[in-house]
Amino acid sequence: MARRRPLRHVTFTLGLAITLVLVAVAALSLLYTPADPLAMSMTGRLEGPSGRHPFGTDQFGRDILSRVMTGAVTSIAVGVIAVGIGAGAGVLLGLVSGYVGGWLDETLMRLVDAVQGFPAILSALLFTAVFSPGMAVSMVAIGLAFVPAFARLTRGSVLELREREFVVAARALGSRDGRLLLRHILPNSLPPLIVQATTSFPVAILAEAALAYLGLGTQPPYPSWGLMLKDAQNFLTLNPWFAVFPGSAIALTVLGLNLLGDGLRDLLDPKTA
Amino acid sequence: MRRYVARRIAALVATLVFVSALVFVVVRVLPGDPASIMLGTEGSPEALARLRDAMGLNRPLPVQYAEWMGGALRGDLGRSLQYDVPVGALIVSRLPVTLPLALLAALFMAAAALPLGVYAATHHRRAGDYAAMILSQVGISVPQFWSGLLLILFFSVHLGWVRSGGFEGWSSGVGPALRSLLLPAIALGLFQAAVLVRATRSAVLDVLREDYVRTARAKGLGEARVVGVHTFRNALIPVVTVAGIQLGQLMAGAIVLESVFALPGLGRLALGAISARDLPVVQGVALFVASSIVVINFAVDLAYGVLDPRIRYE
């Protein structure tokens, strides 16, 4: 019943609404921000919220509202690409592992176990030691951390689907391995993968913020919510609002995406509804 | 059981080999010449050649890997360039900060999440359940380092109760040391507790629907006994799995919170080593943390087999 009317589902609708606002803000920031997010002003530093600067200003007198708006673009970009990397690599590994089986499956699964030992923070630390820190390092490090979940999920459904009648029939009719995997098995494994991608997205946004905060991710002067919080920490006594707005932006975004993911899971997976 | 354990151990060894290979590839192979990264642009060609020689970079990669691994197995992770002491000793010296922080957070997580999760499940679709779920939804959305900042803002800037960071060391007494770990442990545990509440709730809900729970109720057992004895133990299996995965995440989270609260733990060691181009230290910390997480996951697998005999016979 919920399947036909997704908008009746409160969690899903609320999540979708918050997410749409986030995307709209990010899109708007590409065309218009109340002030130039990079313009400094030595006279108006660390101001609290006011009519001119609704969210106040940072230690260089930059408009925090404009920087929070632009930060949404960074978060979305890193999130989308990191989840893309994790899903792409994970699904490929899972398809091969589950379909070929045998020692290759065993080896790939141990590799996946090993990758699980590297949370995004740890990979980012390692990469930053040999390459310069930046958005690309964040994307790859966060993406890697997602590989095990996607690989296991895909492998599981390949193992299950491999023996089903319609796959066996397609094989008997002469379908090659590649066609079997891409036309028959993959499309039927999609719903759980879509849910996984949606629930990974907020995790990626949290990780991007943490990496930027540690100085391992997005670099100044480009606005990132995590980076803003890193700056704000030095001025907690002078302008506490500086720490409040970027943090709220992260929390609200992650909340919206989590609700969307939960709602989607309920709608796509009748078992949990 | 013995065969199950033997198979898990073989898998653990294979996984650890992959862990070390991944660290080795990133630090020694990807950059091309690690020696020039460590010396930066100021290094003279002679110094570069000496460092390459000292690090054994002139030898074939498999030989380098075998030597590094051989050393690591004997506890020798090389020497720190920055402090000129063994990397192993450096890691051990930072553990008294990172481990208690992660353990305190784990304690906080379990103490908050288990009762709340059971409460939510036993009050399914009532006000208490919704309140717990909203609370956990909010907890999952707040980044750990931001809740750390907010705790500093409230307890140290606003109220002036505790210092905003730093660690006095265990030598000054257990009380002051624990006090400097308290706020970071709360910030770290809060997020993970929010995750665990949901896992506990759904696990308990699943078990409450089982026939044997209905039987227990039918034979007149009190609700406390039904939930406490018959339900909770069976619900523990999925809960332990989630909590185990979270222990690994607590290690990673500790790295971030050490930075927020200026605690001299493993994370700060690694971050400092990056700015000092101290590759052996980064390599050592990464190997240590990743291996610990893999070993924790292994322990969870074993616990799974102990808690649920069905798994051993698969």
Side-chain angles (χ1 to χ4, degrees), chain A residues 11 106-131 133 144-145 202-203 205-211 213-216 225-226 229-230 232-233 236-237 240 243-244 246-259 262 272, chain B residues 11-12 14-23 26-27 30-31 34 37 137-138 140-147 149-150 152-153 156-158 164 191 202 245 248-249 251-253 255-256 259-260 267 270-271 273-275 277-279 282-283 285-286 289-295 297-298:
Chain A
T11 312
E106 193 64 31
T107 312
L108 288 179
M109 280 303 110
R110 294 295 81 75
L111 178 64
V112 165
D113 285 348
V115 172
Q116 192 148 43
F118 295 87
I121 308 269
L122 198 60
S123 313
L125 275 172
L126 261 181
F127 288 136
T128 315
V130 288
F131 305 107
L144 268 182
V203 179
I205 286 182
L206 283 176
E208 189 276 332
L211 291 181
Y213 173 82
L214 291 176
L216 300 174
W225 295 334
L229 286 175
K230 178 193 171 82
Q233 185 171 11
L236 277 183
T237 37
V244 171
S248 311
I250 303 174
L252 198 64
T253 302
V254 173
L255 179 70
L257 290 166
N258 275 333
L259 293 175
D262 283 359
T272 56
Chain B
L12 172 70
T15 306
L16 287 175
V17 170
F18 272 125
V19 165
S20 63
L22 287 173
V23 173
V26 174
V27 176
L30 286 186
I37 290 182
Q137 195 65 261
V138 170
I140 290 173
S141 308
V142 174
Q144 293 165 342
F145 63 98
W146 189 48
S147 45
L149 279 182
L150 292 180
I152 292 178
L153 196 57
S156 84
V157 175
H158 189 65
S164 63
F191 177 85
S202 68
I245 294 168
Q249 290 171 355
M251 290 273 287
I255 293 177
V256 184
S259 275
V260 180
L271 281 171
I274 286 175
S275 28
R277 303 167 188 280
D278 196 347
L279 279 191
V282 181
Q283 196 175 4
V285 171
V289 174
S291 308
S292 312
I293 294 176
V294 165
V295 171
N297 290 346
F298 163 76

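Naming: A, B, ... by sequence-line order, numbering from 1 per chain.
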Would you compute the distance between atom CG of A/Leu257 and atom CD1 of B/Ile140 and round it to the nearest 0.5 angstrom?
13.0 Å
Between B/Pro143, B/Ala252, B/Ser20, which shows the greatest number of heavy-atom pairs under 4.5 Å with chain A?
B/Pro143
So, the side chain of A/Gln233 versus the backbone of B/Val260: is there a donor-acceptor pair under 3.5 Å, distance only?
yes
Largest heavy-atom contact set with chain A, pairs under 4.5 Å, which of B/Val256, B/Asp278, B/Ile152:
B/Val256
What's the shortest heavy-atom distance between A/Leu122 and B/Ala290, and which atoms?
CD2-N, 3.7 Å
Whatever's closer than 4.5 Å to a heavy atom in chain B on A/Leu216 counts as side chain
Strictly by side chain to side chain donor-acceptor pair (under 3.5 Å), give each pair with a member in residues 114-126 of chain A just once, sequence neighbours left out.
A/Gln116-A/Arg152
Residue part contacting chain B, namely of A/Leu214, when any heavy atom lies under 4.5 Å
both
Under a 4.5 Å heavy-atom cut-off, does chain A meet the side chain of B/Leu149, its backbone, both or neither?
both
For each of B/Leu12, B/Val26, B/Val23, tally heavy-atom pairs with chain A at distances under 4.5 Å, and name the one with the top tally.
B/Val26
Verify, without hydrogens or angle tests, whether B/Trp146 (side chain) and A/Gly226 (backbone) share a donor-acceptor contact under 3.5 angstrom.
no
Least distance between heavy atoms, B/Ile293 atom then A/Gly117 atom:
CD1-O, 3.5 Å
B/Ile255 side chain reached by A/Leu125 side chain, heavy atoms, under 4.5 Å:
yes
Taking every heavy atom of A/Pro240 against every heavy atom of B/Leu153, the minimum-distance pair comes out as CB-CD1, 3.8 Å
Please examine the side chains of B/Phe18 and A/Thr107, heavy atoms only from C-beta on, and report whether any two atoms are closer than 4.5 Å.
yes
Which pair of non-hydrogen atoms, one from A/Ala129 and one from B/Val282, has the smallest distance, and what is that distance?
CB-CG1, 3.7 Å
Contacting region of A/Leu111 [heavy-atom separation from chain B under 4.5 Å]:
both
Test item: B/Asn297 and A/Asp113 side chains (from C-beta on) under 4.5 Å apart, heavy atoms:
no
B/Val295 portion near chain A, given a 4.5 angstrom heavy-atom threshold:
neither
To the nearest 0.5 angstrom, please state how far the CD atom of B/Gln137 sits from the CG atom of A/Leu259.
4.5 Å
